[in-house]
Amino acid sequence: MAGKRYSRQRELICRAVLESKEHPTAEMVYQWLKPANPNLSLGTVYRNLNLLAEEGILMRMPFPVERYDGETKPHSHFRCRGCGRVFDLEMSAQKELDNAAEQAAPGFHVEGHDLTFTGLCPECG
């Protein structure tokens, strides 16, 4: 039975991130799910988010407060320094950046990059 609850909670946590465009923190996911799931703990949310990220189902985003993204294909982000929200940027893959990095670091093989722009969103700017 404990295994069933674990699976059900994990599915709820995963779905919450996959259905959100907010790049939520663990605390945000916990607050969204807690009212309908009173037995859910913040530790369970953290544990399951980390497992889902390790499995490649979600992407862990190391901002000052760690966030999670349901979109795992390479893409760029914009982080608002005013409100702290994170937005996806629809940009083509910047393969030339990978090539430039390999030229700047001879002997290294670059497999990809994370690109985050910062500034103010329309609501804060």
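What you see is a predicted model; the values in this text were computed from it and never measured. All values below come from the heavy atoms of this structure, side chains included, with hydrogens, waters and symmetry mates left out.
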Expected list for residues 107-120: side-chain donor-acceptor pairs under 3.5 angstrom, two or more places apart:
unit_1: His109; atom_1: ND1; unit_2: Glu102; atom_2: OE2; d: 3.3
unit_1: His113; atom_1: ND1; unit_2: Asp98; atom_2: OD1; d: 2.6

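- Looking at every heavy atom in both residues, Leu42 comes nearest to Ala26 through CD1-O, 4.0 Å.
- Contact annotation: the side chain of Arg8 approaches that of Asn37 to within less than 4.5 Å [non-hydrogen atoms, C-beta and beyond].
- Annotation for Leu58 and Gly70: closest pair CD2-CA, 3.9 Å, computed over non-hydrogen atoms.
- Applying the salt bridge (charged side-chain N to carboxylate O under 4.0 Å, His left out) test to every pair with at least one member in residues 50-67, sequence neighbours left out, gives these pairs: Arg10-Glu55, Arg60-Glu66.
- Listed by chain and number, the residues in a side-chain contact (heavy atoms from CB on, under 4.5 Å) with Glu123 are Arg85, Cys121 (sequence neighbours excluded).
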Residue pair Cys14, Asn48: steps toward the side chain to side chain contact (heavy atoms under 4.5 Å, CB included) verdict | CA-CA 8 Å; Cys14 185; Asn48 282 284; over 6 Å; no
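- Here the shortest heavy-atom pairing between Cys83 and Cys80 reads N-SG, 3.5 Å.
- Each ring-ring contact (aromatic ring centres under 6.0 Å, His included) pair with one or both residues in residues 18-66, not counting sequence neighbours, appears once here: His23-His77.
- Listed by chain and residue number, Gln31 satisfy the side-chain hydrogen bond (donor to acceptor under 3.5 Å, both in side chains) test with Glu27 (two or more places apart in sequence, or in another chain).
- Within a 6.0 Å sphere centred on NZ of Lys34, heavy atoms belonging to other residues, nucleotides or ligands number more than 12.
- In plain terms, the two heavy atoms of Glu22 and Ser20 that are nearest each other are N-OG, 2.9 Å.
- Side-chain heavy atoms closer than 4.5 Å link hydrophobic residues (I, L, V, M, F, W, Y) into clusters, and following such links, possibly through other members, connects Leu52 to Leu33.
- Between Ile13 and Leu49, the shortest heavy-atom distance links the atoms CG2-CD2, 3.6 Å.
- Side-chain atoms of Glu71 come within 3.5 Å of backbone N or O of Lys73 as a donor-acceptor pair.
- Applying the side-chain contact (heavy atoms from CB on, under 4.5 Å) rule to Ser41 yields the partners Thr44; only residues at least two apart in sequence or on another chain are considered.
- Summarising the geometry of Ala16 relative to Val29, their closest heavy-atom pair is CB-CG1, 4.2 Å, with the distance given to 0.1 Å.
- Hydrophobic clustering, with ILVMFWY side chains joined whenever heavy atoms are under 4.5 angstrom apart, keeps Leu51 apart from Leu40.
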